[in-house]
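Report on one structure; see the data block that follows.
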Protein chains: 2
Amino acid sequence: MSLIPQTVREQVTNQIRIDLLSGRFPAGTMLREIELAERFGVSRGPVRDAFIQLSHEGYLAYQANRGVMVRHPPDPKDREFITSLRLQIETYVIERGLTDKDPDSVQSVEVALERLKEACDAAEPTQVAIRDIEFHQQILLACGGDDLVPTWRQLCSRMLLTYTRLGDYNQAYSEHVAIFEPFRDNDLKKTIAAVRANIK
Amino acid sequence: MSLIPQTVREQVTNQIRIDLLSGRFPAGTMLREIELAERFGVSRGPVRDAFIQLSHEGYLAYQANRGVMVRHPPDPKDREFITSLRLQIETYVIERGLTDKDPDSVQSVEVALERLKEACDAAEPTQVAIRDIEFHQQILLACGGDDLVPTWRQLCSRMLLTYTRLGDYNQAYSEHVAIFEPFRDNDLKKTIAAVRANIK
DNA sequence: ACGATGTATACTGTTAACAATTATCCCCCC
DNA sequence: GGGGGGATAATTGTTAACAGTATACATCGT
């Protein structure tokens, strides 16, 4: 897949995001541009761009002339609230656009599901978390929800920092199969139910 | 205020945001780094940073190797949904943190209210829209909601593009006075009611 | 006349050097 | 011995030059 060469900024952003999710940078750590630039073998520019982007995604906090700090995950009550917002967005977008979806998009979702399966089989927590989100994103895009995706992604980012699905990877996968099948068949009620069961 | 010299990036970002809100750049327009850099008399770097930031705020859409495009405002149904999310966040944060707020923060809110008044008196639509949002943001920060502010801001950005309060500036101001007074006096019920009345 | 192909151009993506700011540490003074 | 002040170092902010990519246009072949 993705024969299209990614831009350096995207690669750097993705790698830092993975490092954040995998706990390589503990909350409260100050990230230095030079250090990361040298590690990736690139200049400070793209690293800087990545910092700005990840700040807006909610992973990092920017402080003028001082750099970025790794944010702390939300406390349980906030997490619950954020989860409810996330669920509302997914429900709204699916209800609105499920039956009007572009046929090609079903395949994109299926690809995302397959990638999730690979991550589950490999039992790599960070990859599972990322593929999980990507699957849901493909669903939203398929239902014409690109307008709300940035907001939704920000909410997910906050949740991912406390992603707790250690162990039962098989269940994680099957829950998404339970979403995909009614989605593919335009069964609105079952799709929503499966999403509600998955996000909690 | 703000005797602290802002960074160039912030100034550029703010100015472009104002231009977007005031309709200087119609939806669908492609923004060019060089053009804006020359207009502000700065290099492309900060303009680029501003583009990334404004993309995440929801104003612009990034296209790899092609630049940024001014996004279209959301359609009425989406706008209604976004409004409900925004209201939920404000309600949640205020309910959670109103009584624990830092005394100093009351003054910040009062300053924001005063600025809003100035904009209303001057009858400048764009400034009213910006001061309006800043007032609400100060409320959220006062109630310890900094964790949710980025998400909230993104939702507001989408709404601002269809900000429609042309004319009744006096009412806009008085609605915010109605929020401030119970906020200052720790009257949770009245504060929430006033917020609900204001956001619609 | 029409389409494919190659070239020119205009833009974004990246880099490295320079400027400005902030943090650190040592010295001096009390 | 403890606290302020100033040189020094480390880091971010900004700039301008260079590289890469996509679009537009002209040219060529049919």
Side-chain angles (χ1 to χ4, degrees), chain A residues 1-20 24-71 146 150, chain B residues 1-20 24-71 146 150:
Chain A
M1 291 301 157
S2 106
L3 296 166
I4 304 149
Q6 270 183 322
T7 185
V8 173
R9 172 170 79 234
E10 286 176 80
Q11 294 179 58
V12 169
T13 306
N14 288 336
Q15 189 54 53
I16 296 177
R17 194 187 291 115
I18 289 171
D19 287 343
L20 286 165
R24 175 167 185 163
F25 305 125
T29 308
M30 294 293 283
L31 260 42
R32 288 186 244 295
E33 294 180 358
I34 297 173
E35 184 183 328
L36 287 169
E38 284 175 354
R39 176 144 71 89
F40 295 133
V42 299
S43 73
R44 281 173 49 215
V47 174
R48 197 181 165 69
D49 292 347
F51 281 2
I52 296 175
Q53 177 153 344
L54 292 168
S55 295
H56 279 79
E57 287 186 21
Y59 292 105
L60 306 174
Y62 227 110
Q63 299 173 334
N65 288 311
R66 283 179 36 87
V68 292
M69 196 181 81
V70 181
R71 290 182 65 181
D146 25 78
Chain B
M1 292 302 155
S2 104
L3 296 167
I4 304 149
Q6 270 183 324
T7 185
V8 173
R9 172 170 78 236
E10 287 176 79
Q11 294 179 59
V12 170
T13 305
N14 288 335
Q15 189 55 52
I16 296 177
R17 195 188 292 115
I18 290 171
D19 287 342
L20 286 165
R24 177 168 184 161
F25 304 125
T29 308
M30 294 294 283
L31 260 41
R32 285 183 244 296
E33 293 178 0
I34 297 173
E35 184 184 326
L36 288 168
E38 285 176 353
R39 176 143 73 88
F40 295 131
V42 300
S43 74
R44 282 172 48 214
V47 174
R48 198 182 165 69
D49 292 348
F51 282 2
I52 296 175
Q53 177 154 344
L54 291 168
S55 296
H56 279 78
E57 287 186 20
Y59 293 106
L60 306 174
Y62 229 108
Q63 299 173 339
N65 289 310
R66 284 180 35 86
V68 292
M69 195 181 80
V70 181
R71 289 182 66 182
D146 26 79

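Basis for what follows: all heavy atoms, side chains included, without hydrogens, waters or symmetry-related copies. All of these numbers come straight from a predicted model, not from anything done at the bench.
Using a 4.0 Å heavy-atom cutoff across all strands shown, B:Arg32 reaches sugar-phosphate atoms only and no base atom. Across all strands shown, B:Gly45 has heavy atoms under 4.0 Å from base atoms, whether or not it also approaches the sugar-phosphate. Residue contacts shown for A:Tyr62 are limited to sugar-phosphate atoms, with no base heavy atom under 4.0 Å away. When heavy atoms are screened at a 4.0 angstrom cut-off, B:Arg9 is found touching the sugar-phosphate backbone but no base atom.
Taking atom CE on B:Met30 and atom P on D:dT23, their separation rounds to 9 Å, with Å as the unit. One can place CD of A:Glu38 at 13 Å from C1' of C:dA16, the figure rounded to the nearest angstrom. At whole-Å resolution of the value, CD in A:Glu35 and C1' in D:dA10 are 13 Å apart. Straight-line distance from the CG atom of B:Asn65 to the P atom of D:dA19: 17 Å, rounded to whole Å. The interatomic distance linking B:Arg44 (CZ) with D:dA17 (C1') rounds to 10 Å, in whole Å. Atom CD in A:Glu33 sits about 12 Å away from atom C1' in D:dA10, given to the nearest Å. Look at CE on A:Met69: it is 18 Å from P on D:dT11, rounded to the nearest Å. Between the CG atom of B:Asp49 and the P atom of C:dG13 there is a distance of 12 Å, given to the nearest Å.
Contact check for A:Arg44 versus A:Ile34: side-chain heavy atoms found under the 4.5 Å cut-off. B:Leu60 places none of its side-chain heavy atoms less than 4.5 Å from the side chain of B:Arg71. Side-chain contact between A:Tyr59 and A:Val70 is absent, with no heavy-atom pair separated by less than 4.5 Å. Side-chain atoms of A:Glu10 and A:Gln15, non-hydrogen and from C-beta on, never get closer than 4.5 Å to each other.
Relative to the six-membered ring of A:Tyr62, B:Arg9 meets both conditions, a distance below 6.0 Å and an angle of at most 45° to the axis.
Applying the 4.0 Å criterion to OP1 and OP2 of D:dA22, one finds that B:Arg66 has every side-chain N and O outside that range. Close to C:dT14, at under 4.0 Å from its OP1 or OP2, lies a side-chain N or O of A:Thr7.
Proximity note for B:Pro46 (side chain, C-beta onward) versus C:dT15, D:dT12, D:dT14: the nearest is D:dT14.
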